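Below, chains carry the letters A, B, ... as their sequence lines are ordered, and counting in each starts from 1. Quick caveat: nothing in here was measured; it's all calculated off a predicted structure. Side-chain atoms are counted along with the backbone in the values below, which use heavy atoms only and exclude waters and symmetry mates.
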There are 2 protein chains.
Amino acid sequence: MVEEFPGPLDSAALTALLRRHDIGVTRQRIAVAQVLFERRQHLCAEAVLARARARNARVSRATVYNTLKLFVDHGLLSEVIVDPSRIFFDTEIRPHYHVFDASTGKLADIPAEGIEVKGLPPLPAGTLIDRVDIVIRTRPAPREAGPGAVAGA
Amino acid sequence: MVEEFPGPLDSAALTALLRRHDIGVTRQRIAVAQVLFERRQHLCAEAVLARARARNARVSRATVYNTLKLFVDHGLLSEVIVDPSRIFFDTEIRPHYHVFDASTGKLADIPAEGIEVKGLPPLPAGTLIDRVDIVIRTRPAPREAGPGAVAGA
DNA sequence: TTCCATGCAAAGGGTTTGCACTCTC
DNA sequence: GAGAGTGCAAACCCTTTGCATGGAA
């Protein structure tokens, strides 16, 4: 069901990608997709707008926001909610988790493969699981290995 | 190290609670604490402001935001980042996870006890773990048990 | 008295909205 | 040509800021 990351694509391939996901094709959506699927990455809406315009795409802020939501709804993108100040859009749509460093704003993916969560309690009746998010919140280590936290390998 | 939830407390007990956490005591901080620790709950800043004022506390918005941040920094409260539109403050500070229903805005706690996450990869060197957040994102089930998601018990 | 804390109102920043215009099909 | 999509700018909402006043010790 879930596809591989599309990778850098030309206009024709992006058109096909949108059609395959039942998304109407427009110049702006192609431009946004071009920015996004150039490589695996995490971008916020404002960054997508800036990059699209840096490529001379004629696109408005409202359209970028509309398009990102559309892509999420149609399964081309996933939203990552880790930073209270903005939403990240992640080109990785296969199951995975995140490492987030609030002090640097850096967000990284961890494949879900090999990770197991045991002991989750049953949900209330009448409830479906959309997804399970795991976020490892980190911060840079001080000079030496300090107390109060677990050091990375 | 981590205390039990303080529970509903009178002014004197709240004063002691603040002092124990190295927080200067003021009328406004007592008022905010009174709202928060009345019971285990998840409140956003605006809700705390509204409830404090509903109790005739003379408190400004800025002070509520300052106080909540202070309480978090001193370990009286935890922040929950699950909703892009606001930060929740959780009176539960022992390790635990969350269930969030975006369609209703309902947030619930799950004790960490009994939950095990296996297979997390090593972190980059020079990185410390602050904490690991797990959020189970749910939505209300349609009429009958539908396909495409895992039903609750 | 001294400094930290508070209040006020405005600024800030990401996101959404309303409506007229434009383009895709 | 019809309807979906777009652009613009302002509105929105939570949160933060600057600075003068007020209160705790």
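The shortest distance between the side-chain N/O atoms of A:R58 and the OP1/OP2 oxygens of D:dT6 is not below 4.0 Å. Dashed line: the shortest gap from a side-chain N or O of A:R27 to OP1 or OP2 of D:dA4 is not under 4.0 Å. Note on A:Q28: a side-chain N or O is less than 4.0 Å away from OP1 or OP2 of D:dG7. For D:dG5, the OP1/OP2 oxygens have a side-chain nitrogen or oxygen of A:R29 closer than 4.0 Å. For A:T26, a side-chain nitrogen or oxygen approaches OP1 or OP2 of D:dT6 to under 4.0 Å.
In the hydrophobic clustering of this structure, A:F5 groups with A:V72; members are Ile, Leu, Val, Met, Phe, Trp, Tyr whose side-chain heavy atoms approach within less than 4.5 Å, directly or through other members. Cluster membership check: A:V35 shares its hydrophobic cluster with A:L49, using side-chain heavy-atom separations under 4.5 Å among Ile, Leu, Val, Met, Phe, Trp and Tyr. Cluster membership check: B:I87 shares its hydrophobic cluster with B:L77, using side-chain heavy-atom separations under 4.5 Å among Ile, Leu, Val, Met, Phe, Trp and Tyr. Follow the hydrophobic side-chain contacts under 4.5 Å out from A:V80 and you never reach A:Y65; the two are in separate clusters.
Annotation: of the two residues near DNA chain C, A:R61 and B:N66, the 5′-most nearest-nucleotide partner is B:N66. Mapping B:C44 and B:G24 onto DNA chain D via the closest heavy atom, the residue that lands nearer the 5' end is B:C44.
When the P atom of D:dT15 is taken as reference, atom CG of B:L49 falls 11 Å away, rounded to whole Å. Taking atom OH of A:Y65 as the reference point, atom C1' of D:dC13 lies 13 Å away to the nearest angstrom. Distance CG (B:L14) to C1' (D:dA24): 17 Å, rounded to an integer number of Å. Taking atom CG of residue A:D22 and atom C1' of nucleotide D:dG5, one finds them 17 Å apart after rounding to whole Å. Atom CG of B:L68 is separated from atom P of D:dT15 by 9 Å (rounded to the nearest Å). Between the CG atom of A:D83 and the C1' atom of D:dT15 there is a distance of 13 Å, given to the nearest Å. Between the P atom of D:dA25 and the CD1 atom of B:I23 lies a distance of 14 Å, rounded to the nearest Å. For B:I81 and D:dC14, the CD1 to C1' distance is 14 Å, given to the nearest whole Å.
Reading DNA chain C from its 5' end, the first and the last nucleotide to sit under 4.0 Å from a heavy atom of chain B are C:dA5 to C:dC8.
Counting non-hydrogen atoms of other residues, nucleotides and ligands closer than 6.0 Å to CD of B:E113 gives a total of 12 or fewer.
Just one of A:D22, A:L18, A:L17, A:I23 meets the side-chain contact (heavy atoms from CB on, under 4.5 Å) condition when paired with A:R20; it is A:L17. Just one of A:T91, A:V82, A:D90 meets the side-chain contact (heavy atoms from CB on, under 4.5 Å) condition when paired with A:H42; it is A:D90.
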